[in-house]
Peer 1: 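Sharing a structure, written as structure tokens. Questions coming.
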Amino acid sequence: TLTMVGASLLWVGWFGFNAGSAGAANSAAGLAFINTVLATAAATLSWIAGEALSKGKASMLGAASGAVAGLVAVTPAPGFVGPMGSIVLGLVPGLVWLGGVGGLKRMLGADDAFDVFGVHGVGGIVGALLTGVFASQSLGGTGGLAPDTFTIGGQVWIQFKSVLFTIAWSGVVSFIAYKVVDLLVGLRVSEEEEREGLDIS
């Protein structure tokens with residue numbers, strides 16, 4: 001119950017993030033608002049449909065994960081894509097995120113209890129790349145910041161380079177932060193403390 005309350009609060013609060021980025025109550029804010037609703041709803045449906053097909057039934061936790069993944073994916077795009085583009089932005093990658101949470105985590109043997117990389121990492125990467133596609137005016141988008149010179153290939157290349165830079169930056173900064181924490185207090189608790197429960201230890 002509290003997971004759904006939290007996801008719902010996050011969904012509502014995200015409007016301030018996406019639509020508020022316009023800096024005014026104008027058409028850009030309205031577009032960002034509607035795109036946030038549509039992509040998030042589509043991702044929620046996509047996630048639970050994929051869950052139902054792969055596991056036999058959908059779950060509320062899956063719906064919450066899908067909603068958060070949709071919010072993450074639409075964040076690079078809400079002022080630049082059209083409503084149909086935002087629906088596809090949520091529907092298609094919903095199944096990719098489900099694989100990112102389940103399959104990729106098992107393949108890498110990652111200790112990611114909250115599926116942060118599967119939801120935020122994969123969702124953010126897919127959303128950033130697809131923004132370059134659906135910002136096209138021929139697909140209902142605004143053409144980005146330079147509509148006269150916009151091309152899908154050129155924008156996807158820019159988005160791809162931005163994703164690589166973000167991964168490199170995050171990786172280096174995270175590595176340094178983890179090393180500092182490891183030297184000061186350690187990254188892991190003992191097995192005994194883990195069995196006893198982290199709330200207690």
Side-chain angles (χ1 to χ4, degrees), residues 1-18 36 39-76 89-130 160 162-201:
T1 302
L2 291 178
T3 299
M4 289 311 297
V5 169
S8 300
L9 288 170
L10 194 60
W11 192 335
V12 171
W14 216 278
F15 293 124
F17 188 49
N18 281 356
T36 300
T40 307
T44 303
L45 293 173
S46 178
W47 191 294
I48 61 175
E51 205 174 38
L53 291 170
S54 64
K55 297 180 181 177
K57 69 174 188 173
S59 69
M60 289 303 283
L61 182 59
S65 297
V68 173
L71 291 168
V72 170
V74 76
T75 296
L89 200 73
L91 274 179
V92 174
L95 301 176
V96 174
W97 296 314
L98 192 57
V101 167
L104 189 62
K105 187 166 69 170
R106 278 192 300 276
M107 186 178 77
L108 297 175
D111 182 10
D112 187 2
F114 298 106
D115 298 321
V116 175
F117 183 74
V119 174
H120 290 270
V122 175
I125 290 167
V126 171
L129 294 175
L130 288 180
F160 180 73
S162 300
V163 165
L164 289 182
F165 178 81
T166 304
I167 291 170
W169 175 265
S170 301
V172 170
V173 172
S174 296
F175 181 79
I176 293 168
Y178 291 151
K179 279 298 177 190
V180 170
V181 171
D182 196 21
L183 290 170
L184 295 176
V185 294
L187 286 175
R188 296 296 303 248
V189 297
S190 68
E191 283 188 40
E192 185 180 331
E193 286 176 313
E194 203 168 320
R195 274 196 300 274
E196 189 179 60
L198 298 181
D199 289 340
I200 295 168
S201 62

Peer 1: Do any side-chain atoms of residues 61-72 form donor-acceptor pairs under 3.5 angstrom with protein atoms, and if so which ones, sequence neighbours left out?
Peer 2:
residue	atom	partner	partner atom	Å
S65	OG	L61	O	3.0

Peer 1: Could you pull out the closest heavy-atom pair between P76 and A73, with the gap in Å?
Peer 2: CD-O, 3.1 Å
Peer 1: Listing request: all side-chain hydrogen bond (donor to acceptor under 3.5 Å, both in side chains) pairs with a residue in residues 6-16, at least two apart in sequence or in separate chains.
Peer 2: W14-T75
Peer 1: Between E193 and V189, which heavy-atom pair has the shortest distance, and what is it?
Peer 2: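 Distance-wise, the nearest heavy atoms are OE1-CB, 3.5 Å.
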Peer 1: Scan the side chains in residues 178-185 for donor-acceptor partners under 3.5 Å anywhere in the protein, sequence neighbours excluded, and list what turns up.
Peer 2:
residue	atom	partner	partner atom	Å
D182	OD1	L187	N	3.4

Peer 1: How close do G90 and S46 get, heavy atom to heavy atom, and via which atoms?
Peer 2: O-CB, 4.0 Å
Peer 1: What pair of heavy atoms forms the shortest contact from T36 to V74, and how long is it?
Peer 2: CA-CG1, 4.1 Å
Peer 1: Once rounded to the nearest 0.5 Å, what's the spacing between atom CD1 of I48 and atom NZ of K55?
Peer 2: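 Atom-to-atom, I48:CD1 and K55:NZ are 13.0 Å apart.
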Peer 1: Side chains of I125 and I167, heavy atoms from C-beta outward: is any pair under 4.5 Å?
Peer 2: yes
Peer 1: Check the surroundings of atom CE in M4: do more than 12 heavy atoms from other residues, nucleotides or ligands lie under 6.0 Å from it?
Peer 2: yes
